[in-house]
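One structure is given here, and the rest of the page talks about it.
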Amino acid sequence: MKARNVMSKDYVGKTVWLRGWVHRKRNLGSKIFIVLRDSSGIIQCLVSKDRVDEETWSEAEKITRESSFIVKGVIREDRRAPGGYELLVEKLRIVGLSDVFPIRGGEGVDYLLDNRHLWIRSTKLTSVMKIKHSVLKAAREYLESNGWWEVTPPILTSSAVEGGATLFEVKYFDRKAYLSQSAQLYLEALIFSLEKVWSLTPSFRAEKSRTRRHLAEYWHLELEAAWYNMHDMMKVAEELVAYIIERVLRERKLELETLKRDTKILEESIHTPYPRITYDKAIEILKNKGMKIEWGDDLGADEERTLTMEFNKPFFVTHFPKQIKAFYMKLDPTRPDVVLGFDMLAPEGYGEIIGGSEREDDYEKLLKRIIEFGLNPDDYKWYLDLRKYGTVPHSGFGLGVERLVMWIAGLDHIRDATPFPRFRERIYP
RNA sequence: GCCGGGGUAGCUCAGCUGGUAGAGCGCCGGGCUGUUAACCCGGUGGUCGGGGGUUCAAAUCCCCUCCCCGGCGCCA
């Protein structure tokens, strides 16, 4: 049995066995309250000296916070118990006695990160992990039921996907290799047979970022489809996100409550389509707000945050100047100074969660772009090949899973959207 | 990489116009039959991040260095 299940009228008066960990212990002398935690939640257990055998009593006296134990008792309703139900203990046995637990409450960020392997048990992080589970499950469901093939691109690669972003270098036998920062180029190769593909992989960025929105290692959900133009792809992006949010709202109500997440904007976000504005329009809005920005500048964190306050659901910004976007994005044929690219920004100040585009499918144009960006065409030979053998219009996007989770869960830092966050200054534990 | 803040007890912090350290919590011991981060009484606790300098005297002033946090840039 699990703690949450037995906390109901149906179980009152019934004898149950539970196993879990000591969440809290309060010793009153001849009564000991032990709050049991298992993967489902918590329940208070009452050990009363006059109602248990000597062995159980001495186990209860000895047990410490975070010890694992097995307990047998009768469920009863009691207004004084947290949650309204408690277990009146008959037998209790310690399985793994815990040393003094290093986390008590009130510790600082650094200390908690050093003790991440223990802090991971907290109700907050447990709730986030459950939300992340539902996010991934919902994404897989959506893609599965809409005809997308799941594929497994490589993590070890021979060169950069795009110049600029820093790569982690690893020893690869006698050569150098890099940890992938995007599966996109490989997904592009796979659309020639499967047409609609997606992958969920770790991506790595060796940037020395110091922000609440960056991880050195994060989970990347990427889609790529043949015959899709930018607008087809944006429709997929918004449907996917809306579906995920709808599922999380339904499945993870309790966890969102635990996190004190105000779900008003999430409820809005299950309705598509999402608003679309062009980069031109974004600049205009920002200028009217008195921000110092000129056409051609990339949207910085402040600008993004300001824009997100204009909407009550995720929205798209499209048609960015070509110089601030990647080489593989297709230029707008009606206006070659902008690309057929789009970002999806989450509201409430969260900002970019998706980046996507229509890809350049013409060999000569792509080659020209690669050279313009100062990249070495030899590194992209196989990628260019795709434009020589039955090229096809296609589009794709990448979603930062932790960024999406961060927004849905209402977190103030991306590190809590993943169990063991990796930053420049942190690889332990 | 840049800007700002910070490293003092196991944890969170005070002390910083120089006079070799203090609180709360934890921990240990005792008490307690309805606690909700239980409470009450007693006890325990420190190379003041590291190195160098000034001084009779440095947690405190100066220089160097390491580490962490927040923000920006970069991006998902």
Side-chain angles (χ1 to χ4, degrees), chain A residues 23-35 42-51 57 64-65 76 78-84 86 88 99-115 122-123 161-166 180-184 200-223 237 241 297-305 320 324-326 342-346 350-356 396-407 412-415 417-418 423-426 428:
Chain A
H23 186 63
R24 293 286 186 277
K25 178 185 174 182
R26 298 181 277 269
N27 188 342
L28 277 69
S30 45
K31 278 188 178 177
I32 298 174
F33 293 94
I34 297 169
V35 179
I42 59 171
I43 183 170
Q44 173 166 286
C45 304
L46 170 58
V47 189
S48 205
K49 193 174 185 178
D50 54 12
R51 303 190 68 145
W57 181 251
T64 50
R65 275 190 67 217
R76 67 179 195 187
D78 193 310
R79 202 174 289 178
R80 294 167 295 184
E86 68 184 4
L88 185 58
D99 283 2
V100 175
F101 202 65
I103 298 166
R104 195 54 213 181
E107 289 83 3
V109 173
D110 191 39
Y111 183 83
L112 290 175
L113 283 170
D114 281 338
N115 290 283
S122 65
T123 25
V161 166
E162 8 183 334
T166 327
S180 169
Q181 50 182 298
S182 169
Q184 182 196 320
L200 177 64
T201 59
S203 269
F204 304 89
R205 304 276 162 113
E207 293 153 357
K208 294 171 181 175
S209 299
R210 267 213 65 82
T211 83
R212 60 178 71 186
R213 321 199 302 128
H214 288 86
L215 290 168
E217 175 186 314
Y218 66 97
W219 286 84
H220 209 170
L221 180 73
E222 293 172 277
L223 278 71
V241 169
D297 294 342
D298 207 350
L299 302 178
D302 282 350
E303 289 79 22
E304 260 194 17
R305 204 170 304 119
F320 295 88
I324 61 171
K325 288 291 175 184
F342 60 91
D343 283 356
M344 187 196 287
L345 277 66
Y350 282 91
E352 186 175 355
I353 52 176
I354 281 178
F397 68 81
L399 177 153
V401 174
E402 284 78 8
R403 288 215 177 151
L404 178 60
V405 170
M406 181 187 174
W407 168 53
D412 54 19
H413 202 297
I414 199 167
R415 64 178 159 234
T418 202
F423 299 104
R424 184 191 176 193
E425 51 285 300
R426 184 162 297 275
Y428 173 93

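Naming convention: chains lettered A, B, ... in sequence-line order (proteins, then strands); numbering from 1 in each chain. Worth knowing before you read on, the calculation uses all heavy atoms, side chains too, and leaves out hydrogens, waters and symmetry mates.
Nucleic acid contact class of Arg24(A) (heavy atoms, under 4.0 Å, all strands): sugar-phosphate only. Residue contacts for Thr211(A): at a heavy-atom cut-off of 4.0 Å it reaches a base atom on one of the strands shown.
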(Q) I need a per-nucleotide contact map over nucleotides 29-35 of chain B, read 5' to 3'. Cutoff is protein heavy atoms under 4.0 Å; write B for the base, S for backbone only, - otherwise. (A) ---BBBB

Name the atoms and distances for all side-chain donor-acceptor pairs under 3.5 Å in residues 99-113 of chain A, with sequence neighbours left out.
residue   : atom : partner   : partner atom : Å
Glu107(A) : OE1  : Gly105(A) : N            : 2.8
Glu107(A) : OE2  : Arg104(A) : N            : 2.7
Glu107(A) : OE2  : Gly105(A) : N            : 3.3
Asp110(A) : OD1  : Arg426(A) : NH2          : 2.8
Tyr111(A) : OH   : Pro102(A) : O            : 2.8

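Listed for the Glu86(A) side chain is no donor-acceptor partner under 3.5 Å among the backbone atoms of Arg76(A).
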Listing time: all N or O pairs from protein to nucleotides 5-15 of chain B that are below 3.5 Å?
residue : atom : partner   : partner atom : Å
rU12(B) : OP1  : Gly108(A) : N            : 3.1

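Residues passing the side chain to side chain contact (heavy atoms under 4.5 Å, CB included) test with Glu303(A), sequence neighbours excluded: Leu286(A), Met291(A), Ile293(A), Leu299(A). Residues passing the side-chain hydrogen bond (donor to acceptor under 3.5 Å, both in side chains) test with Ser48(A), sequence neighbours excluded: Asp50(A). Applying the side chain to side chain contact (heavy atoms under 4.5 Å, CB included) test to Arg26(A) and every residue at least two apart in sequence or in another chain returns Arg24(A), Leu28(A), Phe33(A), Val35(A), Gln44(A).
The shortest distance between the side-chain N/O atoms of His214(A) and the OP1/OP2 oxygens of rG73(B) is not below 4.0 Å.
A donor-acceptor contact under 3.5 Å is formed by the side chain of Arg210(A) with the base of rG70(B).
rC2(B) is paired with rG71(B) under the criterion used here, namely a Watson-Crick or G-U wobble arrangement in which both key atom distances are under 3.5 Å.
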